[in-house]
Every structure is written in C-alpha cells, then in structure tokens.
S.K.: 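Here's a structure for you.
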Number of protein chains: 2
Amino acid sequence: MAGVVSSRGCHKIRASQIRDLMDSKLNVLFDCDGVIWNGETVVTGAPEVVTLLKQRGKRVLFITNNCTRPRGSYVTKFTRLGFTDVAEEDIFSSAYCSAAYLRDVAKVEGKVYVIGCPGVVKELREAGITMVEEETDAPTGTIYDYPLDPDVKAVLVGYDETFDFIKLAKACCYLQNSECLFVATDPDPWHPLRGGRITPGSGSLTAAVETASSRKATVIGKPSRFMFECIASQYNLEPSESLMVGDRLETDILFGSNCGLDTMLTLTGVSTLEEAQFYKNSDEPESKDFVPDYVVETIADFIDAYGEEEAG
Amino acid sequence: MAGVVSSRGCHKIRASQIRDLMDSKLNVLFDCDGVIWNGETVVTGAPEVVTLLKQRGKRVLFITNNCTRPRGSYVTKFTRLGFTDVAEEDIFSSAYCSAAYLRDVAKVEGKVYVIGCPGVVKELREAGITMVEEETDAPTGTIYDYPLDPDVKAVLVGYDETFDFIKLAKACCYLQNSECLFVATDPDPWHPLRGGRITPGSGSLTAAVETASSRKATVIGKPSRFMFECIASQYNLEPSESLMVGDRLETDILFGSNCGLDTMLTLTGVSTLEEAQFYKNSDEPESKDFVPDYVVETIADFIDAYGEEEAG
C-alpha cells in the first residue's frame, strides 16, 4: 500500500466497537454544527445520544467556534431542538473561552478593544472585562479624527457584521504598542449561507488586522489548544479519558490531535471519509493530525451501541 | 567573511561611478515617496535631477504603489513641488496599471466589482472599464439583502477608507465563481501616518478577501512583474537598459530584481544600508533579490555626477 502508514486509524466503527471505546472514556466533547445539528435542523437521534451518554455517567460538553451567540442563547436553541438536559456550563463557545482567556490566562488589567458581534460583547461583559465604548455619535473622517483610549491593553477580533475601515485602523493603532495583546475568537475563514452565498468569518477579519499591524493573533477557537485548556481548567479533564467528536478535519479533528484526545469524525457535516483517507495516505508529516481515530456515519450510531448492550 | 557572497553588489557609488552607470542606461524608473519626496516635502535637488536626466536623453518614469491619486493629480503634485517637466504619461500608479491590466491583459468582458478609493475608480473609468454601481440607498441588513450583479467578471481590491463587512462579503460572493478574476492594486500592508498612527493598506483589505474567499489575488503593484510589463508594453523598455531607484528593499529593489533591472537604493526613505547589508550577508537564497546593485545617500548625488562631467 502506498503512503506512510498513519498511527491514527480512520477506523469506521459501529455498535459494540463504539461501546468498547466509550467504556474507556469519561468525557465526550461534541462540536455543534454538522454534528448535533445543521443550522436549525437537529441530527436525528442526537438528543437521545446526549441523554444516553449522561445516563451512563459520561460528561458531555459542547465545543463551538461560533462566537455569535452567548451561552444562554445556546441553551434556548438546545431546548428548541429537543435536548432536555443541556446546561449553560456544558457549552464552550469561542466567545466564552476568549473572555475566560483574557480574564484568567492573560489577566488583562485595562480595557479591551473589541471587534465583534453582540454575542462576544455579552460574554466579555459577563466575565467582568472592561471594553472600549464605541462612539455612538461617530465622527466622519479619517483615523486622525478618532480618539484612541490610552488604557487599551488587548484587542479581540471576532465575527462582526459592522466591521469597517475605522475599526480596522483603530485595532492596528492599538497594536502598535507591542505590549497590547492580540487575540482572535476563532480562525474560521468563512461560513456557508443558503443559496450558495458565503459570509466572511472571524479569520478573515483577523487576517486584515494581522496584515496591517504586522502582528499574529493568539487564536482561541479550535484547532488551538487554548479552548481545551479553558475547559480543562474548569472540569479537570484528562485528555486520555476524552473523545472529540466533530465534522471538520481541519478544525475538530486537528483540535483533538493537538490536545492529545482520541478523535471521531461524523459524516453528517462538512468533511468526507474520502478526505480523511486522503490525509491518511498522504506523505506529508503534518497530515496525520487531520486523520480521525474513528469514523461514524452519524452520532445516532451511539444509540445502537447501547441498544445492543441492553438487548444482550 | 561569513555568508554567501551575493551576486549583487550593494555598492555605495558617487559622482563618476553614477555617470558611468547612467551611460549604460536609457531608462530611469523612480519610486516616488521616500525617493523624490516625503509626503509634501520634496527631496532636495530631485527636480534638478529629473531635468538633468531628461536633458541627457534618458527616459524618466515614476512608479508608485499608491493607488489613491489619479495620474492627473500626480502631475499637479509634481508641479507644486517644483518639477517642471513631468507629464501624465511618465507616471505609473498601481491604480493606472490595474486598469491597464484589466483592459489589456485580462481583457475583462463584463463588470468589475471595485473595493477602492475614488482614485482607483477614476482610473478604471478612464480606461473604459464598467464597474458595479454601489447602492446609493444601501439596505441595512445582511449580505442576503444585497443584490449581486450577474455580469461581474472581476473583483479589484485597493485602498478604501469606506471598506466594510458588506463590501467584503460581496467580493467573496462574486469570487465563489472560479472564473471571476481577483486582482489587487498593490500589496502594501499599511502606511505610516503622522503622530505614530498607521492606516491599513490595500494588502490588509486583500488579506481579508483572500481568507474569506479561499482565493489568491493577482497583485499588480511592486514587487510584482505586472507593473513593469504594463510600462514595457507602452514604452518598449529593455530591462538591461533600465535602472530602478527606490527606498524600500522589499518592494522597489525586489521589483527591480524580479524584472531583471539594475537596482539602486536611496537612503532618503524607509530602508537603511544596514538592512541591505543584512540581506547581502544572509544565507537565505531569496535574500539576494532584496540586495540593491547600488546605493546612494540621495538622488541629489546625480547632480554631482553630471556637475563633474561639465567641470571636467
């Protein structure tokens, strides 16, 4: 067989194999979009899987790069889609983790200049972080006409539909100070919309700020380790006891690899089995980190796993 | 001596050496900012140098990545700063060359969606290129609420102080069509402003579009070859008969290297002799393209060169 043999399996597993895997794990980390739902459509069986895992004593957490919703809004969505037992503490969004990073890891003492949507601002406010107020009565003119706040100690860039040249210029002026931190919620370059359109993601806005400021952002969301460190600090998770389940090889599976977790690709979202096998067969040394240990058609396969157990 | 010996000299030259060099050249290409002026301050002696070279039969051209002014506005600036013999045809800005590229090289048949300042729009209009009209009565909403023009065949990104999320999203939606061209006026990441502030450059806005569209732009400005090809197509320049004079190693000198011109660094702008020598002594193979053949303190040294000749 051609290519380097990967240490990661890309094994398609079912029923009893899933049960055996779960017997060795305490924690299951699910990505949301493409894994438990697609937009407003729940993946069939997903609510039952979450309940089953919890009943068997597993800790079930949800890890999303989407920074647009505060955690309370996620709970509402879970309930609306038929999940009966998901609490705010089970949800880790890139906005929430960015707030935790700024407060607990970077320990920012001063203000944060935020390029971000209301969901980002709400998480920062709840974390007690002081932000620069946007001018309500904005001057029209060049960056010269805008005051810069001397107390800014960090710039945070997330998804922001009101992003404009002045926000970009302000962020870059703050980042001229090499002691000013530069943090981004997530690296997502774009998001698909209905009808073949796309919308720019946080990663796109971050690229503009990085280029103009000659700085590199510390990126919080998957595949960066920061998000796992944030979760681990709250729950004391052991990587070896945890499974990451996601639909994107370049974010979810790489995130699991980066953090030392076993990884599972589910085929209800973006990435395909063929893409996973392409990485597995690649000679590039970095490719192995994109190869999932396990593959399932859908997380509903967990139901069969435990169904057999009960039948047997 | 450590390091690879560069094939390029980084020779500091004066008077008779400048004259000898000029005897072997027909064309002198000057960058503008940092070479013949700094903002609104002319480099002492620059108008005389241009006149001297023209009197000796040299073709003198001006090559700038700045896309904000149409060529007519450059002529006004040259006159205001004391140059008496610079015409519109002598000036090649990244906006003018982008328009020429779209019309003559890409031969775009359809509309161009432009992210750019009025200087860019004016050059495109003068080149006879049809552009998408911006909504004068813009809807407020998401990218869904904006019409996309089905006749768009190219996206051009330049410096634009009215850049915003919707413009970014529109550009990316157009670029979903792989046959839609993607062109950027210049790669400049940022520009210095008075008082230590900076303003994002075209390269920053291009980085946002590149990231969100998963495409790479064809960049027209220095150090890309396109700008020289645009000039050569109008004046039939021979690279071996041409000298590029600039103040930035990473744009002007690299541009000259890329196009097979002899290069001269002048020390009245951004880059220093130390930086040039650092590149010369570097072991990195790419570094040699940043090393100028010649170095002068200021282009006013050309006056001494010809002054001696006349005295002798």
Side-chain angles (χ1 to χ4, degrees), chain A residues 68 115-117 140-148 150 157-177 184 186-217 219 250, chain B residues 68 115-117 140-148 150 157-177 184 186-217 219 250:
Chain A
T68 60
I115 291 175
C117 51
T140 51
T142 74
I143 182 67
Y144 280 127
D145 304 311
Y146 288 79
L148 292 177
V157 181
Y159 182 80
D160 183 359
E161 293 184 353
T162 66
F163 181 75
D164 62 16
F165 191 86
I166 288 294
K167 286 188 176 186
L168 172 60
K170 281 185 186 174
C172 296
C173 288
Y174 287 126
L175 291 168
Q176 288 282 93
N177 176 358
D186 66 272
D188 294 1
W190 54 274
H191 304 280
L193 297 176
R194 283 169 284 124
R197 292 195 179 191
I198 62 172
T199 185
S202 309
S204 164
L205 312 187
T206 303
V209 180
E210 287 187 331
T211 302
S213 67
S214 312
R215 300 268 306 263
K216 292 299 278 183
V219 184
E250 294 82 2
Chain B
T68 60
I115 291 176
C117 51
T140 52
T142 73
I143 182 67
Y144 280 126
D145 304 311
Y146 287 80
L148 291 177
V157 181
Y159 182 80
D160 184 359
E161 294 185 352
T162 65
F163 181 76
D164 63 15
F165 191 85
I166 288 293
K167 286 188 175 187
L168 172 59
K170 280 186 189 174
C172 296
C173 288
Y174 287 125
L175 291 168
Q176 288 282 94
N177 176 357
D186 67 272
D188 293 3
W190 53 274
H191 304 280
L193 297 176
R194 283 168 284 124
R197 291 194 179 191
I198 62 171
T199 185
S202 309
S204 164
L205 311 187
T206 303
V209 180
E210 287 187 331
T211 302
S213 68
S214 312
R215 300 268 305 262
K216 292 301 277 184
V219 183
E250 294 83 1

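Sequence lines set the chain letters: A, B, ... in the order given, protein chains first and strands last, and positions in each chain run from 1.
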S.K.: Shorter than 4.5 Å, heavy atoms on both sides: which option in A:Ala207, A:Pro189, A:Cys172 has the most such pairs with chain B?
M.R.: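 Among A:Ala207, A:Pro189, A:Cys172, the one with the most close pairs to chain B is A:Pro189.
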S.K.: Please check this pair: side chain of A:Ser204 against backbone of B:Ala208, looking for a donor-acceptor N/O pair closer than 3.5 Å.
M.R.: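 Looks like yes, one N/O pair under 3.5 Å.
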S.K.: Is there a side-chain contact between B:Leu205 and A:Leu168 in this structure, where contact means two heavy atoms from C-beta onward sitting under 4.5 Å apart?
M.R.: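 Side-chain contact under 4.5 Å: yes.
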S.K.: Which atoms of B:Ser214 come close to chain A, meaning under 4.5 Å heavy atom to heavy atom: side chain ones, backbone ones, both, or neither?
M.R.: side chain
S.K.: Side chain, backbone, both or neither: which part of B:Asp160 has a heavy atom under 4.5 Å from chain A?
M.R.: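 Contact with chain A is through the backbone of B:Asp160 alone.
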S.K.: As an exercise, state the distance from CZ of A:Phe165 to NZ of B:Lys167, rounded to the nearest 0.5 Å.
M.R.: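 So the gap between those two atoms works out to 11.0 Å.
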S.K.: At what distance, to the nearest 0.5 angstrom, does OG1 of B:Thr199 lie from CD1 of A:Ile166?
M.R.: 7.5 Å
S.K.: Search all heavy atoms of A:Cys173 against all heavy atoms of B:Arg197 and return the closest pair with its distance.
M.R.: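 Minimum heavy-atom separation between A:Cys173 and B:Arg197: SG-CB, 3.9 Å.
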S.K.: Please flag which part of A:Tyr159 lies under 4.5 Å from any non-hydrogen atom of chain B: side chain, backbone, both or neither.
M.R.: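 Contact with chain B: side chain only.
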S.K.: Checking B:Lys170 now: which residues fulfil side-chain hydrogen bond (donor to acceptor under 3.5 Å, both in side chains) with it, not counting sequence neighbours?
M.R.: B:Glu135
